[in-house]
Structures are given as C-alpha cells and as structure tokens.
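Input: a single structure, listed below in structure tokens.
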Amino acid sequence: MPEPDVATHLEPGDPAELRSATVSGVDLSGADLTGSALDEAQVEGSSLAGARAAGAQWHRTTLVDCRLDGADLANLHAEELALMRCSLREVRLTGAQLAGARLRSVLVESAQAALTNWHGARLTSTVLRGVDLSEADFTGARLTDVLLEDCTLTRATLDGMRCENVHVRGCRLDGISGVTALRGARLSPDDAQGLLPAMARELGITIGG
C-alpha cells in the first residue's frame, strides 16, 4: 500500500478556504472542521492528521494523497466522498455516513468505524486492518482487491455486497447478515469456521441436538 505523497514541508492551511475550493500542499493538522459544510472541495498532497470533523457535511469532497491519521470523523455525513492514496490510521469514524464513497489505494488501520454506512461504496486496492466495523452496513457495496485483516464485523450487514479478490484474515464475523455476499472472497480457515453459525442461520439449518 503506497503512502500518500505528502511533502515534508507544507504551507499552513486555512480551514475556511476548503468550502468549495481546490487546495494543495497545505498543513491542516489538528484543524477544527467540526460541523463544516464542504461542497465539491478537493484537497491534494496535504495533512489532515488529527483534524476534527465530527458531524460535518461533505458533498462530493475529494482527498488525494492526504494523511488523516488520528482524525475525528465521527458522524461525518459524506455524500460521494472520494479518497485516493490516503492513510487513515487510528481515526474515529463511528456512525459516519459514507454511502457511495469511492476508495482507491487507501489504508484504514486501527480505526473505530462501528455503525458506519457504506451503502453502494466502491473499495479498490484498499486495506482495512484492525478496524472495528461492528454493525457496519455494506449493502450494495463492491470490494475489489481488498484486504480485511484483524477487523471486527460483528453484526455487520453485507446484503448485496460484491467481492472480487477479497482476502479476509483474522476477522470476527459473528452475527453478520448477508453471508452469501462473501462469495468469491478468500477466507482463512479460522474465519471460515467463524462463519458457520451465520451460514447455518441463513440456510435454516439448526446445529446441535
């Protein structure tokens, strides 16, 4: 997974300039974007590490070669969000609405993303490692060349999700719905074992005497 192409020295950025503009090579580390409203903004080659955007409303926002490590994006409402070559380490995404999001060459690691909405999202060449996706909704999402490693997907909804070259390793899959959406994915033996209760439930099979 390539690291974002972010210069060592960045110009200080002004959060107010993001509303509907294209900015490049700026330092927005720790910026307060709480409740912000962005409309077709584009940010390139920049740092948003530790930024706070809880409850923000982003419409058709595009981030390319950006670091969002440690950012607080809880309850973010992002319509048609596009991320390319971005890193999101230890971010807070709890309750974020990411329907229709497009992720390409993105690393999401050690993140809190329970109750997130990924309806119709497209994840390509993306790694999710150590992410809490409890009760996340992937209805209609499409995953291509994706690694899910050490993630928690307890009670996640996968109905209508499509997988192509998806690898699942060391994940918690108990209580998921739409297990047949994992058709085409490659699971470790332990992950496959963990899927048995969900498969039995959806097939109407009772396990036990």
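Position 1 is the first residue of the sequence, and the numbers go up from there.
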[Y] and [X] side chains, donor-acceptor separation under 3.5 Å:
{"X": "Asn165", "Y": "Asp145", "value": "yes"}
{"X": "Thr152", "Y": "Asp132", "value": "no"}
{"X": "Asp137", "Y": "Thr157", "value": "no"}

[X]-[Y] co-clustered via ILVMFWY side chain contacts under 4.5 Å:
{"X": "Val166", "Y": "Leu103", "result": "yes"}
{"X": "Leu63", "Y": "Leu10", "result": "no"}
{"X": "Leu187", "Y": "Leu143", "result": "yes"}
{"X": "Leu115", "Y": "Leu158", "result": "no"}
{"X": "Val6", "Y": "Leu68", "result": "no"}

Using side chain to side chain contact (heavy atoms under 4.5 Å, CB included), reason through Thr116 and Leu133 one step at a time and then give a plain yes or no. CA-CA 7 Å; Thr116 43; Leu133 290 160; 4.0 Å; yes
Show your reasoning for whether side chain to side chain donor-acceptor pair (under 3.5 Å) applies to Asp190 and Ser188. CA-CA 5 Å; Asp190 288 342; Ser188 71; 5.5 Å; no
Do [X] and [Y] have side chains that get closer than 4.5 Å, going by heavy atoms?
{"X": "Arg129", "Y": "Leu147", "value": "yes"}
{"X": "Val108", "Y": "Val127", "value": "no"}
{"X": "Val64", "Y": "Arg85", "value": "yes"}
{"X": "Asn117", "Y": "Phe138", "value": "no"}
{"X": "Ser87", "Y": "Pro4", "value": "yes"}

Give a yes or no answer on whether the side chain of Asp5 reaches the backbone of Ala7 with a donor-acceptor pair at less than 3.5 Å. no
Thr126 side chain vs Thr124 backbone, donor-acceptor pair below 3.5 Å: yes
Enter the distance from [X]:[atom1] to [Y]:[atom2] here, rounded to the nearest 0.5 Å.
{"X": "Asn75", "Y": "Gln57", "atom1": "CG", "atom2": "CD", "value": "10.5 Å"}
{"X": "Cys171", "Y": "Ile176", "atom1": "SG", "atom2": "CD1", "value": "10.0 Å"}
{"X": "Arg104", "Y": "Thr144", "atom1": "CZ", "atom2": "OG1", "value": "8.5 Å"}
{"X": "Thr180", "Y": "Asp159", "atom1": "OG1", "atom2": "CG", "value": "7.5 Å"}

Test log, rule side chain to side chain contact (heavy atoms under 4.5 Å, CB included), inputs Leu107 and Leu88: CA-CA 6 Å; Leu107 170 65; Leu88 294 87; over 6 Å; no
If you compare all heavy atoms of Ala181 against all heavy atoms of Cys163, which two are closest, and at what distance to 0.1 Å? O-SG, 3.5 Å
So, for Leu123 and Ala121, which heavy atoms are closest and what is the spacing to 0.1 Å? CD1-CB, 3.9 Å
Which side-chain N or O atoms in residues 36-54 pair as donor and acceptor under 3.5 Å with protein atoms at least two apart or in another chain?
unit_1 : atom_1 : unit_2 : atom_2 : d
Ser36  : OG     : Leu33  : O      : 2.8
Ser36  : OG     : Trp58  : NE1    : 3.2
Gln42  : NE2    : Glu44  : OE2    : 2.3
Ser46  : OG     : Gly25  : N      : 3.3
Ser46  : OG     : Val26  : N      : 3.0
Ser46  : OG     : Val26  : O      : 3.4
Ser46  : OG     : Glu44  : O      : 2.8
Ser47  : OG     : Ser29  : OG     : 2.9
Ser47  : OG     : Ala49  : N      : 3.4
Arg52  : NH1    : Gly30  : O      : 3.2

Looking at Arg186, Arg183, Arg142, which hits salt bridge (Lys or Arg N to Asp or Glu O under 4.0 Å) with Glu164? Arg142
Test side chain to side chain donor-acceptor pair (under 3.5 Å) on Thr154 and Asp174 and set out the steps. CA-CA 5 Å; Thr154 302; Asp174 48 303; 3.2 Å; yes
More than 12 non-hydrogen atoms from neighbouring residues, nucleotides or ligands closer than 6.0 Å to CZ on Arg122, yes or no? yes
Of all residues at least two apart in sequence or in a different chain, which pass the salt bridge (charged side-chain N to carboxylate O under 4.0 Å, His left out) check with Glu79? none
Do the side chains of Glu80 and Arg102 get close enough for a salt bridge, i.e. N-O under 4.0 angstrom? no
Tell me whether Glu3 is salt-bridged to Arg89, with the criterion being a basic N under 4.0 Å from an acidic carboxylate O. yes
